[in-house]
Structures are given as structure tokens and as C-alpha cells.
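All remarks here apply to the structure that follows.
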Amino acid sequence: MFALNWLPLQPLIFIKPVDFNMLGIQQSIQKSLQEGLQHLFSIDAQEIVLQETKKEFEGTFTFVVFPFTKQASKAPAQIAQLLGEYMLANNPKIKAFQVVQGFLNLSLQDAVWVEILNGINQDAHPFTLADKKEKVLIEYSSPNTNKPLHLGHLRNNFLGFSVSQILDAAGYEVIKTNLVNDRGIHICKSMLAYQLFGNGETPESSGLKGDHLVGKYYVAFDKAYKVEIETLVQQGIDPEEAKKQAPILLKAQDMLLAWEQNEPSVIALWEQMNTWVFDGFAKSYAQMGVSFDKIYRESNTYLLGKKLVDEGLAQGVFFRKDDGSVWIDLTEEGLDEKLVLRRDGTSVYITQDMGTAQLKYEDFGAKRSVYVVGNEQDYHFEVLFHILKKLNKPFSEGNYHLSYGMVDLPSGKMKSREGTVVDADDLMAEMVNTAQSRTLELGKIEGFSAEEANALFNQLGLGALKYFLLKVDPKKRMLFNPEESIDFQGNTGPFIQYTHARICSMTRKAASMGINIKISAGKSYELAESEQELIFLLGNYKSKIQEAAAQFAPSVIAQYTYDLAKQFNKFYNELSILNEENVDSRNIRLNLASLTGETIKASLALLGIVAPERM
RNA sequence: GGCUCCGUAGUUCAAUGGAUAGAAUGUAGGUUUCCGGUACCUAAGAUGAAGGUUCGAUUCCUUCCGGGGCUACCA
């Protein structure tokens, strides 16, 4: 596997205690288990793996003893029993233990739960990990300037932005970049069509968003092209040949040549249309809530990389064939020979990417780089990373292709030519509309100004969309069902947002009642199971960030946030909070509620989703 | 053809080699004179097939079946 994760998922035991609120307890238990194994069976266990106890069993942590049966030469249940007794006698944090076959389930003292809760209360940075003093560069979005953004781009943008947020929370300095594909034959196609059929139309005159206007002419080109092919075929020309000979295609090729030679009229048209597209994209990005520290354009970078090819030739990394083209031999890596420079000396896609890697390093000096690009380019990035390694540069290591699967529609694959694409702007607008009508039906936003209401509709609509796309493992191909995506119940963004809003309502009320929501430390409470589970989830927040960062997987955060909201609702349903008569219980529950609210807000932010206080 | 990724309830998604494979949705029931019902609870329902490794396999290995992607001197 080439795509080695460069942020190793470390066992918790190696991480500094200050990072995780649950960690001190875990380590204490791991240490006791280690000592127990040594004391009872003379087993020197290097690694103690603790797992979360399954819901249907009593306990918090589970230790699996099966691996030690041989060394201990006893039955699994017997080992577990002895270890459990040892734990109870030697670790004051343990309240009880249960043995099920080879599984030892450990329950914690109530005081330990309060201790964890207090730990979070006192944590100066409860939602971020320690600064790792390291830069990470992330490239995402990477659109073409000849067509508007579609559903696939939404997955890309949401993923890229979310991973940036997660890495930032995990303590990295994150630099967000976007490499826009603004040149090439496909761009000339829309330029040519505009020249032929545009009649001087502009975004202003047509009322179309700039990128949609340009996209319209890309489609127009394709239409005209097909007609010409058809005509040629009817004249008896071979279809394959017709595709190459169609006059409009030849004109587009001429135009590309003229562009590369800086022909002023072509450049002027190109710049004009680019301006429109970039204006359009800027609006879409604003609506998506994503941003970039630097936007690179291929028109500025496509010539880079030739110098690297020269260097590589001198070092023997590349070789030149008789016709003058330059190649790299990757057969030892299980790949093929790959072209890096055409025989006419011009660069190809991969040459440009080599150059851009160097340019980005010169600009920011980040040794780690993440490319958020669809999995149809897996092979390309495999080759690129091998080449960069062989060039042995400061940016040769630490590259990662965050490869994500395609988004399918129920009707099948999205195809721009057949008009079965889901346009990003349309979809976002539709989601916001749905959010609006649902919210107005419920009638809970009286007192909102028109502006506040609109902001809320955006937050809810985009929240639903982002959550829908991010909850799935990025690697996997996913199905986009328009009806389900606008659902606001169940495992959805609005469900989580609603839970947050409800908590906010409660803390507002508590504040007006003059209740202090921070519990007093050191007191011992008898905790209900739903309270313990909530504390457990809250205490796990930082390790979830670590896990999500290590795997570049916003889905980990999405799943966690959903579990947290669900657990809160259970807790909320079972127990009284503001109406609780016992003041100590009321305070601790209120503390739990407000902490849950803050945690939901923080983790939704990692997904790029806003948590409104009222909805 | 070669390389590669993926096949889990009707559907959409989960599950560092661990317990009775979890959720959501849909279906069928139920709860709350209560702090915001977009809530909570209950039920039925699934690992493509066959082997292998293991105390233990959705997970690792092999073969087969089915699907996606890549296999351009395009980007």
C-alpha cells in the first residue's frame, strides 16, 4: 500500500495525559492490569488493550484475556475472575467487575465519573489537542473553469474543509489551497462556443451566474461538435476519424495554440470568461462556507516541473527515449513506465504536479501535504508520490492522497453530457428552501429579524447537506438520495442542531434562574447510567479528534456527534434537570447539559456546520 | 485482459481479529398532565458464494460471482 497514513494512530497509552480527559483513568487501569498479569501469572504484557464495554453488558472498560490463556495455562474465565479480584483489591477506581467468558468488564466508582467531569470543566482547552508545531498543506476543491460545481464537488469541498478543521483542532498549522484548472483544450471549447454563439452575452445581461454562463457554452460546444460529427459520418467518414476532423474541434485546437502563444485577442477572451467563472465560484464557496489561504491557477503552474525533470535526468531518476520524450521507470514499484515530458518538450499533468509540489513548498515550507481528489485519480497520485520520493526533496515524504468515492444518484451515474448532474448551487438552494418551510411550519422563531431567519435557514439547509455527505466514510462510494438528504429526523445534521438548540434554551433558562452551572469539585454523587454514559462520551472527545485526524475521516466526528446527541436525548428523557429537587443532582445534570451543548457545537464546527442557539 | 477499490437488514450507513453484527429510515406497536415531540421506548429484519488461518473472521489469505475506477505524449 502506497497510501501510508503519516499520522500513526497511536495506542492511547503513549499519548500525554494532558491531551485526554479520560486518559488518566485508562492508564491507571492499564497499569493495574499489567501488574495483575505479572503478579498472578508472571506474564510480562507489553501492551494492554482496553476497549469500551458493549452496551448490553455492565461496565465501562473491557479487557479481553483470551490472548493470555496459553501463558497463564488457565481457562479464560478463570483468568478474568482472578484479574478482576486483583483489580478490585488494588485499584481504588474500580467499583465492580463482571466476567463473561474471556471478557473482563470493569465498572468505575461514581467519584471517578465526577472526577472526569471536573477535569473537563477545568481544562483550559477542552476542544483542541496540544500544538504539534507542524505545518500541513491541504489542497482541495480544484475545479474546472468550464463548468459549474456539482454534487461531487460538494463532497470534495466539504471533506477538504472539514479535514482542515480537524487537523487544526489536532494541533497542526493548516494551510488550505485550491489549484484551479483554468487552461487547456476544454477551456478553449467553451471560449470558442462563446465566440461563435455568444452574441456578447454577459452575466449581467443574461442574469446567469458567471460559472453557469460559461458552462452553458461548454455544453453548446459539445452539441455543435456532435452535429458536425454526425454530418461527417453521413458523408461516409469513419466515426472515429470524424471525431478528430470535426471543424469546430480543429478550431478549438487552434485556439489552444494561440493561447499558448499569448495571442492578445484569445487571452483577452480567456481573461474575461475567467473573471466571470471566478466570480461565480466565489459565490458558491461563500455559500458552502469553505475558504482557502491560497488559490493556485494551472495557467501559472503548468510549465513548472521541467526543471525538476532536468534535475531528475541528471540524477538518473528519469531517462530519455530515442524520440526525445522523458520517462520514469516504476516497474520495480509494481507500476509501469510513465511519461513525464513529451517528445516536443512540453509538460504533462504529472510534470505540472511535480512543479506545483515544489512551488507550494517554497511558499509555505510544509513537509506534509494532503491532496483531496477523487479516487479515479488513485493511480496518478501513486505515480506522483513515487516520483517525488525518487527526486529526494524536502517535500518528497509526507504526501497523502485523500481519495474519496464518487457520489451516485438513485437514477445511476451523474453525467454532465446527459444532463443528469446535480448542480451544487441548485442543490444548496433547495436544501435551504426546505429548511425554511420546515422551520416556518414549526413557528419557533418569532422575534427573529428577516436577516437572522435567513441565516438560520442557511445554517440548517447546509447543515443537513454537509452532514449527509460527511457521515459516510470518505473512501466509500456513496448514494445520494435527494429525498433522504432533506430529511431532518434520525441520523441527520438538523437532529443534532436541534439537540444543541434545546440545550441552549435550557441553559438560558438556568441563567435567568440564577443557577451556576459549574459543579463543586470533590463531592460524591450517585450517578445514573445515562449520566455515566454521557460523561464517558464527553471524556472521549479528544481521542476522537486524534482518531479523525489520523484517518482524515470527518465521518468519525459525525458518528461521534450523533452518538452524543442521541445519548443526551436519552438522558434528557429519563431524568429531570431544571425541575430536579435535589440541588446537587440538578447542578451536575445542568453541567452535563451545558458541556454537551459546547461539545456538540465544537464537533459540528469540525464538520463545517454551524450550531444555532435557537431554531 | 492487467492493476485496484468495493459487495452488511427492504433502503442508506456502522463495526483497532472479539461477546447476541450496531444505527437510521421504512413497517407494526407504545411513552410523556415534564425542562423545546425534529424526542424517547419496544418488535420483526442483514455479512454475495465456497474454502483456509485463528480459541475467535464482516475484518486477514485463496478462488469464484457481481459492481465501480484506472489502464492517454488529456487534465
Side-chain angles (χ1 to χ4, degrees), chain A residues 1 9 11 49 51 53-57 62 64 66-67 69-70 75-76 100-103 105 142 144 181 183-187 298 302 321 323-327 334-336 338-350 352-353 374-380 382 403 405-406 408 410 413 438-439 441-442 444 460 468 471-473 475-481 483-485 487-492 494-499 501-506 509-510 513 547 551 555 558-559 562-563 565-566 568-580 586 589-590 593 614-615:
Chain A
M1 280 288 277
L9 184 56
V49 180
Q51 40 190 283
T53 303
K54 288 206 156 200
K55 281 236 168 87
E56 56 267 39
F57 298 101
T62 294
V64 183
F66 284 113
T69 42
K70 267 186 195 157
V100 183
Q101 300 163 45
F103 299 90
N105 298 329
S142 312
N144 278 337
N181 179 348
R183 62 163 289 279
I185 185 74
H186 50 294
I187 308 298
E298 247 183 63
Y302 82 108
K321 288 196 176 175
D323 65 2
S325 57
V326 181
W327 298 70
L335 301 173
D336 218 338
K338 187 83 188 170
L339 179 100
V340 294
L341 212 57
R342 294 192 190 98
R343 78 179 141 217
D344 62 5
T346 55
S347 46
V348 289
Y349 184 33
I350 202 133
Q352 167 202 308
D353 270 359
N375 64 9
E376 70 273 12
Q377 295 201 36
D378 283 356
Y379 182 70
H380 171 79
E382 195 174 359
S403 158
M406 193 181 281
D408 285 325
K413 201 182 290 187
R438 300 260 178 146
T439 305
E441 266 171 40
L442 292 168
K444 282 184 182 158
L460 296 178
F468 188 87
K471 73 178 175 187
V472 181
D473 182 345
K475 291 192 297 288
K476 291 201 174 171
R477 190 173 168 188
M478 68 177 290
L479 187 82
F480 183 81
N481 184 328
E483 282 162 30
E484 264 178 49
S485 68
D487 210 332
F488 284 18
Q489 288 171 41
N491 191 354
T492 66
F495 165 81
I496 298 166
Q497 288 171 314
Y498 174 77
T499 304
R502 193 199 237 175
I503 292 170
C504 287
S505 158
M506 197 186 313
K509 194 166 277 182
M513 289 161 71
E547 188 185 336
Q551 299 175 17
S555 55
Q559 194 60 44
Y562 177 64
D563 287 343
K566 217 166 135 55
F568 177 81
N569 281 327
K570 191 175 177 174
F571 155 83
Y572 177 88
N573 240 273
E574 279 174 14
L575 304 167
S576 289
I577 301 174
L578 290 175
N579 298 337
E580 170 62 39
R586 185 196 66 187
R589 287 176 194 165
L590 201 53
R614 294 181 56 195
M615 60 185 274

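Here is the naming used below: chain letters follow the sequence lines, and residue numbers restart at 1 for every chain.
Between the OH atom of A:Y562 and the P atom of B:A15 there is a distance of 15 Å, given to the nearest Å. Between the NZ atom of A:K471 and the P atom of B:A14 there is a distance of 9 Å, rounded to whole Å. Rounded to an integer number of Å, the gap from A:K475 NZ to B:G68 P is 21 Å. Rounded to an integer number of Å, the gap from A:L479 CG to B:A14 P is 13 Å. Distance, A:D487 CG to B:U25 P: 8 Å, rounded to whole Å. In this structure, CG of A:D378 is placed 11 Å from C1' of B:C3, rounded to the nearest angstrom. One can place CG of A:L442 at 6 Å from P of B:U38, the figure rounded to the nearest angstrom. Put simply, CG on A:D473 is 14 Å from C1' on B:U8, counting in whole angstrom units.
A search for ring pair (Phe, Tyr, Trp, His ring centres under 6.0 Å) contacts involving A:H186 returns nothing, not counting sequence neighbours. Every residue two or more places apart in sequence or in another chain that forms a salt bridge (Lys or Arg N to Asp or Glu O under 4.0 Å) with A:D473 is listed here: A:K475. Partners of A:E376 according to the salt bridge (Lys or Arg N to Asp or Glu O under 4.0 Å) rule, which considers only residues two or more places apart in sequence or in another chain, do not exist here. A:Y349 pairs by the side-chain hydrogen bond (donor to acceptor under 3.5 Å, both in side chains) definition with A:Q377, not counting sequence neighbours. Partners of A:F103 according to the ring pair (Phe, Tyr, Trp, His ring centres under 6.0 Å) rule, which considers only residues two or more places apart in sequence or in another chain, are A:F66. Under the rule for a ring pair (Phe, Tyr, Trp, His ring centres under 6.0 Å), A:F57 has no partner lying at least two apart in sequence or in another chain. A:F488 is linked by a ring pair (Phe, Tyr, Trp, His ring centres under 6.0 Å) to nothing, counting only residues two or more places apart in sequence or in another chain. A:R183 meets the salt bridge (Lys or Arg N to Asp or Glu O under 4.0 Å) test with A:E260; sequence neighbours excluded. Remark: A:K321 pairs with A:E337 by the salt bridge (Lys or Arg N to Asp or Glu O under 4.0 Å) rule, at least two apart or across chains.
Minimum atom distance to the side chain of A:S505 is reached by B:G36, of the listed B:C70, B:G36, B:C40. Each of B:C70, B:A24, B:A39 was ranked by its minimum atom distance to the side chain of A:F495; first place goes to B:A39.
Taking atom P in both B:A28 and B:G17, one finds a spacing of 39 Å when rounded to whole Å. Comparing the P positions of B:G36 and B:C60 gives an interatomic distance of 47 Å, to the nearest angstrom. Spacing between B:U38 and B:U71 at atom C1', rounded to whole Å, works out to 48 Å. Separation of the C1' atoms belonging to B:A23 and B:A43 is 16 Å when rounded to the nearest angstrom. Atom C1' of B:U59 sits at a distance of 14 Å from the matching atom of B:C6, rounded to the whole Å. When the P atom is used for both B:A15 and B:U58, the distance is 15 Å, rounded to whole Å. Across the P atoms, B:C40 and B:U16 are found 24 Å apart, a figure rounded to whole Å. Rounded to whole Å, the separation between the C1' atoms of B:G22 and B:C61 comes to 27 Å.
The residue A:Y302 sits apart from the nucleic acid: no heavy atom pair falls under 4.0 Å. Residue contacts for A:M478: at a heavy-atom cut-off of 4.0 Å it reaches the sugar-phosphate backbone alone, with no base atom in range. Among the heavy atoms of the strands lying under 4.0 Å from A:K444 is at least one base atom, whether or not backbone atoms are also near. Nucleic acid contact class of A:T69 (heavy atoms, under 4.0 Å, all strands): none. Across all strands, A:N569 comes closer than 4.0 Å only to sugar-phosphate atoms, never to a base (heavy-atom distances). Base engagement by A:A501 is indicated by at least one non-hydrogen atom pair under 4.0 Å involving a base atom. Among the heavy atoms of the strands lying under 4.0 Å from A:L575 is at least one base atom, whether or not backbone atoms are also near.
Between A:Q51 and A:V64, some side-chain heavy-atom pair lies under the 4.5 Å cut-off. A 4.5 Å side-chain heavy-atom check between A:R502 and A:N569 finds at least one atom pair inside the cut-off.
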All N/O pairs under 3.5 Å across the protein-nucleotides 17-20 of chain B interface:
unit_1, atom_1, unit_2, atom_2, d
B:A19, OP2, A:K54, NZ, 3.1
B:A19, N6, A:T62, OG1, 2.8
B:A19, N6, A:N105, OD1, 3.3
B:A19, N1, A:N105, OD1, 3.3
B:A19, N1, A:N105, ND2, 3.2

Produce the list of close N/O pairs, under 3.5 Å, pairing protein atoms with atoms of nucleotides 71-75 of chain B; give distances to one decimal.
unit_1, atom_1, unit_2, atom_2, d
B:C73, O3', A:R342, NE, 3.3
B:C73, O2, A:R343, N, 3.3
B:C73, N4, A:D323, OD2, 2.4
B:C74, OP2, A:R342, NE, 2.5
B:C74, OP2, A:R342, NH2, 2.5
B:C74, O3', A:R342, NH2, 3.4
B:A75, OP1, A:R342, NH2, 3.0
B:A75, OP2, A:Y349, N, 3.1
B:A75, O3', A:E298, OE1, 2.2
B:A75, O3', A:E298, OE2, 3.2
B:A75, O2', A:N181, ND2, 2.2

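Between the side chain of A:T439 and the backbone N or O of A:M615 there is no donor-acceptor pair closer than 3.5 Å.
In this structure, A:N375 and A:G405 approach most closely via the heavy-atom pair ND2-CA, 3.5 Å.
The phosphate of B:A14 (OP1 or OP2) has a side-chain N or O of A:K476 nearer than 4.0 angstrom.
Residues A:D487 and A:T492 have side chains that never bring a donor and an acceptor to within less than 3.5 angstrom of each other.
RNA chain B forms stems at B:1-7 with B:65-71, B:10-13 with B:22-25, B:27-31 with B:39-43, B:48-52 with B:60-64, each a run of 3 or more consecutive Watson-Crick or G-U wobble pairs whose two key distances fall under 3.5 Å.
Across the interface with RNA chain B, nearest-nucleotide mapping of A:Q489 and A:E574 shows A:E574 to be the residue nearer the 5′ end. The residue among A:T499 and A:F571 whose nearest nucleotide of RNA chain B is located toward the 5' end is A:F571.
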